[in-house]
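Below is one structure, written out as structure tokens; the observations come after it.
Please read all numbers here as calculations on a predicted model, not as lab measurements.
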Amino acid sequence: MSRQWTSRDRLLSRDVLGTGLLAAGILALLAALAWWALVFVNVAENTSLTIPAAVPCLINTSDLCSLAMSLCGSGHWLGIPRYWEGLFWVGAALTLAAGAFQLVVATAGSTETGTQLGGKN
């Protein structure tokens with residue numbers, strides 16, 4: 001009986017870790033999107049860069065993105081004049097890691113409990 005509880009507790013702690021990774025990834029992606037919007041809405045208002053042209057700046061700071069951020073002489077809300085795409089990639093990596101972790105946990109859980117994936121016993 002205690003072995004069954006130990007196995008169940010391990011699966012629960014793995015699920016909590018996977019959910020935590022997913023939550024951290026989603027929060028990082030949302031923070032990156034908000035940060036990008038905070039900077040590039042102001043940049044679009046004060047330079048010739050449009051919002052659709054600034055969308056690639058969310059994932060990669062090209063020369064065009066850097067130039068537009070540098071030329072924007074307007075004051076930014078919260079005093080944040082630049083965006084760093086690394087936060088987007090951290091969020092993406094955490095989200096992918098959470099998905100991979102959940103897949104491994106589902107596979108390990110099915111072997112520990114004797115069930116098969118897909119709900120078939």
Closest heavy-atom pair, Ile26 versus Thr95, reported as atoms and distance to 0.1 Å, is N-OG1, 3.8 Å
Please answer: with hydrophobic residues joined when any side-chain heavy atoms are less than 4.5 Å apart, are Leu29 and Leu96 in the same cluster? no
Looking at Ala44 and Ile51, what are the two nearest heavy atoms and their distance? CB-CD1, 3.7 Å
Considering all heavy atoms, the nearest Ser66-Thr61 contact: OG-CG2, 3.2 Å
Same cluster or not: are Val41 and Val55 linked, directly or through other Ile, Leu, Val, Met, Phe, Trp or Tyr residues, by side-chain heavy atoms under 4.5 angstrom apart? yes
Could you walk me through whether Leu67 and Asp63 pass side-chain contact (heavy atoms from CB on, under 4.5 Å), step by step? CA-CA 6 Å; Leu67 179 64; Asp63 290 342; over 6 Å; no
Could you pull out the closest heavy-atom pair between Gly18 and Ala98, with the gap in Å? O-CB, 3.7 Å
Please walk me through it: do Leu58 and Tyr83 pass side-chain contact (heavy atoms from CB on, under 4.5 Å)? CA-CA 8 Å; Leu58 181 63; Tyr83 167 74; 3.4 Å; yes
If every non-hydrogen atom of Leu49 is compared with every non-hydrogen atom of Val43, which pair is closest and at what distance? CD2-CG1, 4.2 Å
Find out if a path of hydrophobic residues (ILVMFWY) with successive side-chain heavy-atom gaps under 4.5 Å connects Leu33 to Leu38. yes
Is it the case that one hydrophobic cluster holds both Leu27 and Phe88, taking links as side-chain heavy atoms less than 4.5 Å apart, direct or via other members? no
Can you name the nearest heavy-atom pair linking Ala28 to Gly91, along with the distance? CB-CA, 3.5 Å
In one Ile/Leu/Val/Met/Phe/Trp/Tyr side-chain cluster, 4.5 Å: Ile59, Met69: yes
Can you pull out every disulfide bond (SG atoms under 2.5 Å apart) where at least one residue sits in residues 25-71? Sequence neighbours excluded, please. Cys57-Cys65
The complete set of side-chain hydrogen bond (donor to acceptor under 3.5 Å, both in side chains) pairs with one or both residues in residues 16-38, sequence neighbours excluded, reads none
Applying side-chain contact (heavy atoms from CB on, under 4.5 Å) to Leu17 and Phe101, what does each step give before you reach the verdict? CA-CA 9 Å; Leu17 180 60; Phe101 185 79; 3.5 Å; yes
